[in-house]
Amino acid sequence: MTENSGNIKESLEEFVKQALQSYAEAQGVTLPKMTILIERPKVKEFGDFASNAAMQTVKIFKKNPMEIAEGIKERIPPSPLIGEISIAKPGFINFRLNPAASGIALKTILAQGADFGRVNVGNGKKVLIEFMSANPTGPLHIGHARNAILGDSIARILNAAGYAVTREYYYNDAGVQMKNLGLSLQARYRQALGEDVPFPEDGYQGDYMKEIAQMLVAEKGDSLKSTQETQAFTQFAADHIIKLIDADMRALGIYFDNWFSEASLHKNGKVDRALDRLAQQGMLYEKDGATWLRSEQFGDEKDRVVIKSDGEKTYIMPDIAYHQDKFERGYDILINVLGGDHHGYVPRLKAGVQALGFDAARLHCIVFQMVTLLKDGEQIKLSTRAGKFITLKNAIDELGADVVRFFFLMRGADSQMTFDWQLAKDHSMNNPVFYVQYAHARCCSLFKKAEEMGITWLGVEQGDPALLALEEEQTVIKTLERYPEMVRLAAETMEPHHITVYLCELAGAFHTLFTSGTKDETKRFLRPDEPALTQARMTLVAALRQVLANGLNLIGISPMEKM
RNA sequence: GCGCCAGUAGCUCAGAUGGAUAGAGCAACGGACUUCUAAUCCGUAGGUCAGGGGUUCGACUCCCUUCUGGCGCGCCA
């Protein structure tokens with residue numbers, strides 16, 4: 001295990017823990033089980049790290065926190081990492097690291113390269129993340145993108161955090177909606193052949209159905225003209241629409257490992273098997289001619305019907321079977337990403353999973369709030385049923401995949417976000433995507449410039465990090481050090497936006513440093529008159545470029561070399 | 001009526017297991033380009049963290065309550 005900043009933090013935690021233990025023994029007090037927290041103070045005057053252990057233990061020691069802090073401080077073993085320990089007002093113990101620590105950070109970054117920031121939260125556990133799962137009934141609109149991008153980014157982050165992740169798309173190719181789709185295509189097909197047939201009342205109205213009908217005509221001629229069976233139409237439409245969806249996903253850099261069909265669950269008897277299992281567990285009962293699931297006892301609002309009095313299964317049944325299948329495939333953790341309009345469904349599904357005998361805590365449902373699109377001064381709500389929508393393809397074509405991804409990752413999943421089309425379209429400094437990408441491009445540009453100037457970077461070993469004494473440089477280094485912690489945070493909370501926010505901050509620290517060089521030549525990176533300093537600074541730029549690239553990859557955005 | 005999510009600067013939003021002086025971008029105003037890419041930077045102004053209680057050494061964060069907004073509450077999917 002290479003030493004890095006994450007470990008510095010962990011070492012400090014260990015030091016404080018031991019010191020606290022030793023102090024407790026000296027005081028003849030038994031410590032309850034507690035976690036020692038080390039945090040980074042917001043205000044840099046307080047140092048690099050701080051612990052609130054003394055304040056947390058006031059009641060245990062029955063002493064003034066300042067006094068406890070002093071007692072702990074005395075017992076912290078000397079370390080080459082720690083420069084200074086001080087105690088402040090209410091009872092904080094503040095740590096300032098030795099400048100040498102920043103050298104270690106840069107070395108670690110460059111030694112680990114693309115692996116810097118990989119942390120071990122998951123311990124190799126198998127995760128199945130199911131996302132998108134939009135029914136193949138029409139093209140995706142821009143609101144769908146939030147699901148796709150969240151899911152994919154979480155997958156990337158968990159992957160970096162030591163989980164073995166599988167991405168899966170579940171599509172409902174059974175049931176009434178699909179039948180409806182088939183009927184819609186059938187009508188369009190016959191219309192395309194010149195017949196005057198009515199269009200189903202609640203059919204899928206979009207023009208895309210006409211296009212698909214044209215394709216069907218091209219492929220099959222009029223051979224299906226008098227076919228009453230809708231299955232062939234459904235199949236054709238669904239296959240085609242799934243291809244469109246997959247194309248959109250690929251355009252966003254998203255690749256599913258599995259496409260899972262609902263119909264397959266029915267075909268191979270998995271739905272019936274799940275039903276049997278529920279019955280065996282005594283989770284079903286009959287009432288009013290229907291079969292009910294005892295979901296209320298697992299936290300659902302009420303019991304749910306799983307088989308209607310007409311003998312048809314309700315929609316929840318295949319979903320329960322699907323989740324049984326997921327667990328049986330050996331996954332430790334299941335993640336579902338779904339829109340806020342489906343949040344009511346979560347307790348139901350969890351109850352179903354528990355009724356089967358699985359631990360519902362292994363199923364994480366990530367719920368994101370709806371998106372409003374702001375375009376041409378108009379607010380458009382993006383629900384699936386909204387008549388007016390902008391297709392995802394349209395957005396990717398006009399804005400670019402990076403912009404679309406970044407915008408959805410700037411905010412937490414549970415913020416009702418507004419997608420500002422004008423801002424997204426603005427390829428200028430107002431657009432935060434370019435702010436971060438520009439930072440990466442600037443790093444690359446510095447290396448090109450160095451080459452032009454005949455300067456060669458000789459690698460980490462040649463740059464003495466102690467020369468990086470500017471305040472702006474230190475800010476950049478401290479921000480770089482935090483990267484693994486950010487990955488850990490994003491993984492533990494399954495919230496990718498922490499990475500995005502962090503990258504903006506890192507880019508900002510670099511831009512500040514860079515621009516300081518335009519005002520004061522001594523602050524420039526490339527100074528032929530100061531070879532040693534130039535080497536050290538190039539080391540910093542190399543590390544920075546690496547972390548920016550790693551972070552951007554983590555949220556699926558390309559690090560541009562030139563802009 | 002019940003449940004979930006939210007309410008932080010004029011606008012869009014950050015604020016990790018409760019911590020020290022609540023942050024950023026945009027918009028406004030004032031500055032910095034004979035440059036290592038100004039797609040950048042610096043400064044000024046902007047706040048009763050929706051309101052009210054509570055928990056404690058300490059609350060934007062946790063609990064209760066009121067108000068406002070979004071979304072859900074079927075033998076629909």
Side-chain angles (χ1 to χ4, degrees), chain A residues 35 37 39-43 45-46 50 52 55-56 58-59 64-65 88-92 94 135 172 175-178 287-292 301-302 304-310 312-316 318-319 339-347 367-370 372 374 381 383 410-418 420 423 426-435 437-439 441-442 444-450 452-453 485-486 488-490 492-493 495 497-498 500-502 504-505 507-508 510-519 521 523-527 537 541 562-563:
Chain A
T35 43
L37 295 176
E39 62 183 4
R40 293 182 182 269
K42 284 180 201 158
V43 188
E45 280 71 35
F46 297 131
N52 60 358
M55 271 123 52
Q56 283 185 304
V58 166
K59 284 195 175 143
N64 180 313
K89 280 192 295 184
F92 288 101
N94 293 331
N135 291 348
N172 296 87
V176 278
Q177 289 196 41
M178 282 299 109
K287 193 181 95 181
D288 302 334
T291 304
W292 296 69
E301 285 175 14
K302 49 174 284 194
R304 305 286 169 181
V305 169
V306 291
I307 302 176
K308 297 189 268 180
S309 50
D310 64 4
E312 289 285 312
K313 297 175 187 86
T314 61
Y315 71 95
I316 194 170
D319 275 339
D341 51 346
H342 292 114
H343 75 267
Y345 163 84
V346 173
V367 177
F368 63 90
Q369 297 304 316
M370 297 288 91
T372 307
L374 177 64
K381 244 181 245 168
S383 71
M410 282 193 298
R411 272 111 217 207
D414 49 17
S415 77
Q416 290 166 218
M417 65 171 288
T418 301
D420 187 336
L423 182 58
D426 187 359
H427 282 225
S428 79
M429 61 191 195
N430 295 348
N431 194 325
V433 190
F434 301 110
Y435 186 82
Q437 284 184 322
Y438 183 50
R442 258 188 166 167
C444 297
S445 158
L446 275 170
F447 275 93
K448 262 180 227 123
K449 187 72 189 182
E452 284 167 31
M453 291 168 74
E485 287 167 45
M486 298 315 295
R488 177 177 294 273
L489 174 67
E492 282 172 349
T493 57
E495 290 173 350
H497 77 277
H498 288 124
T500 317
V501 171
Y502 165 82
C504 288
E505 193 185 331
F510 173 53
H511 287 315
T512 297
L513 169 60
F514 185 94
T515 312
S516 71
T518 63
K519 291 167 189 157
E521 288 205 2
K523 293 185 171 182
R524 294 192 179 196
F525 288 92
L526 306 174
R527 295 185 53 195
R537 288 185 174 166
V541 176
K562 199 177 157 188
M563 292 177 71

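Order of the sequence lines fixes the chain letters, A, B, ..., with proteins taken first and strands second; residue numbering starts at 1 for each chain.
- Looking at heavy-atom distances under 4.0 Å, A:Asp414 makes contact with sugar-phosphate atoms alone, never a base.
- Among the protein residues, A:Ala441 comes within range of the nucleic acid bases, having at least one heavy atom under 4.0 Å from a base atom.
- When each of B:A77, B:C75, B:A20 is scored by its nearest atom to the side-chain atoms of A:Lys302, the top-ranked nucleotide is B:C75.
- Proximity of A:Lys308 to the phosphate of B:C76: a side-chain N or O atom is located under 4.0 Å from OP1 or OP2.
- For A:His497, the side-chain atoms get nearest to B:A14 when compared with the rest of B:C41, B:C5, B:A14.
- A:Ile316 has its CD1 atom 13 Å from the P atom of B:C76, to the nearest Å.
- Of all the heavy atoms in A:Ser309 and A:Ala290, the pair that sits closest is N-CB, 4.0 Å.
- With a cut-off of 3.5 Å on both pairing distances, B:A16 has no Watson-Crick or G-U wobble partner at all.
- Residue A:Phe514 is in base contact, counting any heavy-atom pair closer than 4.0 Å across all strands shown.
- Each of B:C4, B:C36, B:C42 was ranked by its minimum atom distance to the side chain of A:Leu526; first place goes to B:C36.
- Here A:Ala50 lies in heavy-atom contact (under 4.0 Å) with a base.
- Nucleic acid contact class of A:Thr418 (heavy atoms, under 4.0 Å, all strands): sugar-phosphate only.
- The aromatic ring of A:Phe92 does not sit over the base of B:G19; the criterion of centres under 5.5 Å apart with planes under 30° is not met.
- A:Gly340 comes within 4.0 angstrom of sugar-phosphate atoms only, judged by non-hydrogen atoms across all strands, and of no base.
- Atom CZ in A:Phe510 sits about 10 Å away from atom C1' in B:U37, given to the nearest Å.
- The two residues A:Met370 and A:Asp341 make their nearest non-hydrogen contact at CE-OD1, 3.7 Å.
- With a cut-off of 3.5 Å on both Watson-Crick or G-U wobble distances, the partner of B:C73 is given as B:G1.
- The side chain of A:Ser516 places no N or O atom within less than 4.0 Å of a non-bridging phosphate oxygen (OP1 or OP2) of B:C42.
- For the atom pair A:Thr372 OG1 and A:Met417 CE, the distance stands at 9.0 Å (nearest 0.5 Å).
- Residue A:Met410 contributes atom CE, which lies 10 Å from atom P of B:A14 at whole-angstrom precision.
- For A:Trp292 against A:Lys287, the heavy-atom pair with the smallest separation is NE1-O, 3.1 Å.
- The side chain of A:Lys42 places no N or O atom within less than 4.0 Å of a non-bridging phosphate oxygen (OP1 or OP2) of B:G19.
- Checking the phosphate oxygens (OP1, OP2) of B:C76, no side-chain nitrogen or oxygen of A:Thr314 falls inside 4.0 Å.
- Using a 4.0 Å heavy-atom criterion, one finds that A:Val58 contacts no nucleic acid atom at all.
- At the heavy-atom level, A:His511 lies under 4.0 Å from the strands shown only through sugar-phosphate atoms.
- Among the protein residues, A:Ala490 comes within range of no part of the nucleic acid, since none of its heavy atoms lies under 4.0 Å from any strand.
- Distance A:His343 NE2 to B:G72 C1': 4 Å, rounded to the nearest Å.
- In this structure a side-chain-to-backbone donor-acceptor pair under 3.5 Å is present from A:His511 to A:Tyr435.
- The backbone N or O of A:Thr512 sits nowhere less than 3.5 Å from a side-chain atom of A:Thr515 that would complete a donor-acceptor pair.
- With the nearest nucleotide of RNA chain B identified for both A:Glu495 and A:Arg442, A:Glu495 has the one nearer the 5' end.
- For B:G25 and B:U8, the C1' atoms lie 15 Å apart once the distance is rounded to whole Å.
- As judged by a 4.0 angstrom heavy-atom cut-off over every strand, A:Gly339 is placed among residues making no nucleic acid contact.
- Following rounding to the nearest Å, A:Lys562 (NZ) and B:U37 (P) show an atom-to-atom distance of 12 Å.
- Under the Watson-Crick and G-U wobble criteria, each requiring two contacts below 3.5 Å, nucleotide B:C11 is paired to B:G25.
- Heavy atoms of A:Lys519 sit under 4.0 angstrom from at least one base atom.
- Residue A:Arg411 places its side chain closer to B:A14 than to any other of B:G19, B:A14, B:A77.
- Among the atoms of the strands shown, none is found under 4.0 Å from any heavy atom of A:Asn64.
- A distance-only check finds no donor-acceptor pair linking the side chain of A:Ser445 to the backbone of A:Ala441 [under 3.5 Å].
- Here NZ of A:Lys448 is found 15.5 Å from CE of A:Met453. Values are rounded to the nearest 0.5 Å.
- Residue-level contact check: A:Asn172 touches neither bases nor backbone, having no heavy atom under 4.0 Å from any strand.
- Taking 4.0 angstrom as the limit, A:Tyr435 places a side-chain polar atom (N or O) nearer than this to OP1 or OP2 of B:C41.
- For B:G15, one of the phosphate oxygens OP1 or OP2 lies less than 4.0 angstrom from a side-chain nitrogen or oxygen of A:His498.
- Under 4.0 angstrom from either OP1 or OP2 of B:A14 there lies at least one side-chain N or O belonging to A:Ser415.
- Across all strands, A:Met453 comes closer than 4.0 Å to no nucleic acid atom at all (heavy-atom distances).
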